[in-house]
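What you are looking at is a predicted structure, and each value in this text was computed from that prediction instead of being measured.
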Amino acid sequence: MIQDRLANLLREACLPLLSDRQHVEEALCEIRIETPGNPEHGDFACNIAMQLAGPLGANPRQIAQKLVDNLPADPLVERVEVAGPGFVNFYLSPGWLHDALAQCLEQGENYGCSDFGDGEKVQIEFVGAGPVGPIHIGNARGGPFGDTLANLLEATDHEVEREYYINDGPTNTQFQLFGASVQARYRELLGEKLDFPEQGYQGEYVVEFAQQLVNQYGTQYRDVPADADGASLFSGLLRDNVIEQLRDDCTAMGIEFDVWFSEKKLHAEGLVEEQIDRLLASGAAYEKDDAVWLRTGEHGDEEDRVLVRSDGAPTYIASDIAYAANKFYTRGFDRVIYIWGPDHFGYVPRMKAALAAMGIDIERAEFIIYQTVRFLEGGEPLSLSKRRGDIVTIRELIQDIGRDAVRFFFLMRSVDAHLDFDLDLARQQSAENPVYYVQYAHTRLCSILREAETVDYLGEVDGDLSLLIHPDELALLRKLADYPAEVLRAAQERAPHRLPHFARELAQAVHQFYTNCRVLDRDDPALSCARLRLVAGSRIVLANILELMGITAPERM
RNA sequence: GCGCCUGUAGCUCAGUGGAUUAGAGCACCGGACUUCGGAUCCGGGUGUCGGGGGUUCGAAUCCCUCCAGGCGCGCCA
């Protein structure tokens with residue numbers, strides 16, 4: 001990457017100024033090559049001189065001047081200036097942009113990838129909607145986010161595993177409540193009246209699940225008592241159906257998980273008990289008031305947490321500990337990323353504490369909490385509750401506005417930010433959605449490439465990239481050149497929302513180029529050929545960034 | 001009460017590894033092609049970057065404090 005090349009030049013220029021090793025290391029870490037907002041300030045800039053001013057006790061402008069004097073020559077660097085309070089501004093020859101395009105054309109679908117991750121083995125757990133109904137728009141945000149983050153990590157040389165954790169264990173009271181709700185509907189369908197559970201799931205899909213059971217088993221389970229065992233039986237009967245629906249919902253969003261991990265299996269295989277025994281033996285857990293407690297209070301949590309209730313039933317933390325042991329010990333991931341909804345926010349400190357109590361380096365675990373999505377309809381916020389049943393499923397949304405728009409929309413905002421989703425707007429203005437702007441840029445380029453196949457004057461001409469000097473060509477080249485650094489940064493910052501923004505800017509550069517630079521011109525085959533290579537490179541980058549977002553790159557629309 | 005997220009143009013939001021003159025989309029108004037797709041392009045912005053204080057040569061960005069909105073704080077998950 002050109003930034004690395006410039007940083008290395010500066011690094012060499014710094015060495016004579018630094019007397020001791022500590023300063024050298026600080027400088028090595030802190031050399032950051034930035035893109036100035038104002039083109040007059042060069043193609044790249046660096047503020048290292050100002051950062052060194054303090055430690056060296058010298059005037060930043062003088063330091064900057066010394067750096068410029070010491071800077072090794074580089075054929076791509078046209079000139080270097082000291083500006084403002086002590087910036088070092090680089091002005092490069094356009095050749096660097098032409099080099100970047102050549103690289104893009106050579107690397108094709110791999111352009112943008114880097115080896116930053118060094119093969120790190122990362123597991124990323126997301127969606128995690130309980131097996132109690134379809135994925136709906138209130139809990140779907142983690143899907144496109146997690147999937148795209150996984151794509152980014154793969155592009156930066158991480159070995160990634162996507163995982164869905166299924167809360168089908170006995171500790172999940174929601175799963176049992178769902179079973180009880182279905183049982184009530186099942187008996188209603190068979191003509192019997194059973195009081196619907198308090199707080200039960202009201203949604204229409206519960207009736208549909210009950211109907212499935214009627215179709216499958218008839219009256220076989222009519223006389224099962226409506227107690228805890230009954231609820232458990234019904235949730236168990238439906239488990240596979242519900243999971244299949246979840247899997248279909250994920251597929252509809254364009255997400256394929258590598259592993260669907262069952263909480264129930266953790267219990268069935270005795271892994272939960274095993275971990276509890278281990279923690280008791282090591283002193284990380286203790287017994288009090290007939291319950292088993294984990295010493296999370298010693299690791300930053302507010303208080304110790306219950307692992308096994310006084311009635312002998314393990315809590316969800318016990319499950320999660322067994323699950324973590326499986327991830328960190330058994331499967332040996334270097335890094336584990338948990339992506340949770342805002343309702344799990346308070347759970348992060350105790351999960352970290354639990355990992356610490358287990359002796360796991362918590363630096364290996366990352367927790368990303370996405371913020372709530374608020375849906376507006378008719379100008380009013382929707383109140384979405386799975387239990388009350390007033391939900392909009394992700395599939396309904398996809399049918400409304402399409403998968404590409406759904407993913408683009410969910411990705412557009414930082415996960416830290418609350419997301420306002422105006423359903424009316426999304427339905428009415430789907431053609432106005434920025435995703436079409438980006439996709440249209442791709443189809444236009446494809447159209448030119450198709451057209452180029454039909455002309456006869458390009459035969460022997462070799463596309464000399466140095467002919468590309470029009471401002472709109474240079475602007476487009478610049479976006480192509482910036483792309484690899486953008487992918488790296490989006491991955492490092494866990495910031496998939498950078499992608500839609502970059503994609504839009506790239507599409508804008510494409511549209512401007514298209515408008516002002518005629519590509520196929522019989523009177524100038526050499527320029528046509530060079531521009532055709534720019535078209536090919538731009539198409540590659542658009543396709544690559546759309547691929548990262550899990551959005552299609554159509555050749556025709 | 002405690003904790004976290006958010007507060008930037010009419011609306012929805014980027015920017016928050018300090019750094020030279022704060023951006024984009026939407027909406028609104030006005031323009032543009034006899035050739036590769038008009039789902040396009042060009043022009044139009046006087047913003048208390050929530051308020052106040054601090055650090056700094058320099059703060060939307062870092063620190064403190066206050067205000068507003070959202071969410072979370074169980075032997076529920």
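- The A:Y514 side chain lies nearest to B:C36 when the options are B:A14, B:G70, B:C36.
- Judged by closest nucleotide on RNA chain B, A:N89 is the one of A:N89 and A:L520 placed further toward the 5' end.
- A cation-pi arrangement, defined by a distance under 6.0 Å to the six-membered ring centre and an angle within 45 degrees of its axis, is absent between A:R494 and A:Y338.
- Partner A:V82 forms a side-chain contact (heavy atoms from CB on, under 4.5 Å) with one of A:Q62, A:K66, A:Q65 and no other, that one being A:Q65.
- Taking a pair to require two hydrogen-bonding distances under 3.5 Å in either a Watson-Crick or a G-U wobble arrangement, B:U61 remains unpaired.
- Across the P atoms, B:C41 and B:A60 are found 32 Å apart, a figure rounded to whole Å.
- In this structure, of B:C36, B:A77, B:A39, it is B:C36 that holds the atom nearest to the side chain of A:I448.
- When the P atom of B:G72 is taken as reference, atom CD1 of A:I369 falls 12 Å away, rounded to whole Å.
- Taking the ring centre of A:Y437 as origin, the terminal cationic atom of A:R504 falls inside the region bounded by 6.0 Å and 45° from the ring axis.
- Comparing the P positions of B:U46 and B:A9 gives an interatomic distance of 14 Å, to the nearest angstrom.
- Side-chain atoms of A:H511 and base atoms of B:C41 include no donor and acceptor less than 3.5 Å apart.
- For the C1' atoms, the distance linking B:G43 with B:U6 amounts to 35 Å, nearest Å.
- With a cut-off of 3.5 Å on both pairing distances, the Watson-Crick or G-U wobble partner of B:A32 is B:U40.
- Classification of the A:H497-A:H501 ring pair by plane angle, with boundaries at 30° and 60°, yields perpendicular.
- B:U21 and B:U65: their P atoms are spaced 31 Å apart (whole Å).
- The gap from the P atom of B:U61 to that of B:G15 amounts to 15 Å, rounded to the nearest Å.
- Taking only distance into account, the side chain of A:H41 meets the base of B:U20 through a donor-acceptor pair shorter than 3.5 Å.
- Pair check for B:A24 finds B:U12; Watson-Crick or G-U wobble, both atom distances under 3.5 Å.
- With a 6.0 Å cutoff to the six-membered ring centre and a 45° limit on the axis angle, A:R79 counts as a cation-pi contact of A:Y91.
- When both pairing distances are held under 3.5 Å, B:G47 makes no Watson-Crick or G-U pair with any nucleotide shown.
- Counting any heavy atom pair closer than 4.0 Å across all strands shown, A:R518 reaches a base atom.
- Summarising the geometry, the separation between CG on A:D420 and P on B:C71 is reported as 12 Å, rounded to the nearest angstrom.
- When only modelled atom types and interatomic distance are considered, A:Y347 and A:D320 share a side-chain donor-acceptor pair under 3.5 Å.
- Taking the side chain of A:Y316 as heavy atoms from C-beta on, and the options B:A77, B:C5, B:G3, the nearest nucleotide is B:A77.
- The 5' end of RNA chain B is approached more closely, in terms of each residue's nearest nucleotide, by A:I33 than by the other of A:Q512 and A:I33.
- With C1' as the reference atom, B:C71 and B:G53 are 29 Å apart, rounded to whole Å.
- For the pair A:V292/A:V306, no side-chain contact is recorded, criterion being any heavy-atom separation below 4.5 Å from C-beta on.
- In this entry the distance linking CZ of A:R350 with P of B:G72 reads 13 Å, nearest Å.
- Across all strands, A:C446 comes closer than 4.0 Å to no nucleic acid atom at all (heavy-atom distances).
- Between the base of B:A39 and the side chain of A:Y436 there is no donor-acceptor pair shorter than 3.5 Å.
- Checking B:C73, B:C36, B:G38 against every side-chain atom of A:R444, the shortest atom distance belongs to B:G38.
- The interatomic distance linking A:W293 (CH2) with B:G74 (P) rounds to 12 Å, in whole Å.
- Distance, A:Q176 CD to B:A77 C1': 12 Å, rounded to whole Å.
- Computed from coordinates, the A:R498 CZ to B:G15 P distance equals 6 Å when rounded to whole Å.
- If you check every strand for non-hydrogen atoms under 4.0 Å, A:S310 touches a base.
- The nucleotide whose nearest atom lies closest to any side-chain atom of A:Q371 is, among B:C5, B:A24, B:A39, B:C5.
- Annotation: B:G25 and B:A14 have their C1' atoms spaced 10 Å apart (nearest Å).
- Taking atom CE of residue A:M351 and atom P of nucleotide B:C76, one finds them 18 Å apart after rounding to whole Å.
- Dense packing is recorded around CD of A:E493, with more than 12 heavy atoms of other residues, nucleotides or ligands lying under 6.0 Å away.
- Ring-plane geometry between A:Y165 and A:F261 is classed as tilted, the angle between the planes lying from 30 to 60 degrees on a 0 to 90 degree scale.
- For A:H497 and B:G15, the shortest distance from a side-chain N or O to OP1 or OP2 is below 4.0 Å.
- Nucleic acid contact for A:D289: base, since at least one base atom lies under 4.0 Å from a heavy atom of the residue.
- For B:C76, one of the phosphate oxygens OP1 or OP2 lies less than 4.0 angstrom from a side-chain nitrogen or oxygen of A:R309.
- The residue A:R305 sits apart from the nucleic acid: no heavy atom pair falls under 4.0 Å.
- Side-chain proximity of A:H418 to B:G70, B:C73, B:C75: nearest is B:G70.
- With hydrogens and angles left out, the side chain of A:T372 and the base of B:C71 share no donor-acceptor pair within 3.5 Å.
- Remark: B:C2 base-pairs with B:G72; criterion is Watson-Crick or G-U wobble with both hydrogen-bond distances under 3.5 Å.
- B:G7 and B:C67 make up a base pair, with Watson-Crick or G-U wobble contacts both under 3.5 Å.
- A:Y437 comes within 4.0 angstrom of the backbone, heavy atoms only, and of no base.
- Note: CG (A:D343) to P (B:C73) measures 8 Å, nearest angstrom.
- Spacing between B:G51 and B:A68 at atom C1', rounded to whole Å, works out to 11 Å.
- Candidate nucleotides B:U12, B:C75, B:C41 were compared by shortest atom distance to the side chain of A:T515, and B:C41 ranks first.
- For A:R489 against B:G17, a side-chain-to-base donor-acceptor contact under 3.5 Å is present.
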